Amino acid sequence: MARLRELNSELEDSIKRCRAILNDCRKRLAANTNSPDPSEKDEESRLA
């Protein structure tokens, strides 16, 4: 039982690290999107 608890703890830690990496990647992807920023659209429509 003790070994299973240890493994479970290690797996939980790994999952936390994976989630942190995933969140970081999502933020980077969102920052690098090619979609126009909504604020940029507003500026363009005011100039037209």
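Just so we're clear, the structure is a prediction, and the values are computed from it rather than from any experiment. No hydrogens, no waters, no symmetry mates; every other heavy atom, side chains included, goes into these values.
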Output a table of donor-acceptor pairs, distance under 3.5 Å, between side-chain atoms of residues 6-13 and any protein atom two or more places apart or on a different chain; print 'none' if there are none.
residue : atom : partner : partner atom : Å
Glu6    : OE2  : Arg3    : NH1          : 3.1
Asn8    : ND2  : Glu12   : OE2          : 3.4

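Applying the salt bridge (charged side-chain N to carboxylate O under 4.0 Å, His left out) test to Arg28 and every residue at least two apart in sequence or in another chain returns Asp24. Partners of Arg17 by side-chain hydrogen bond (donor to acceptor under 3.5 Å, both in side chains), not counting sequence neighbours, listed by chain and number: Ser14.
The distance from atom CZ of Arg26 to atom CG of Leu22, rounded to the nearest 0.5 Å, is 4.0 Å.
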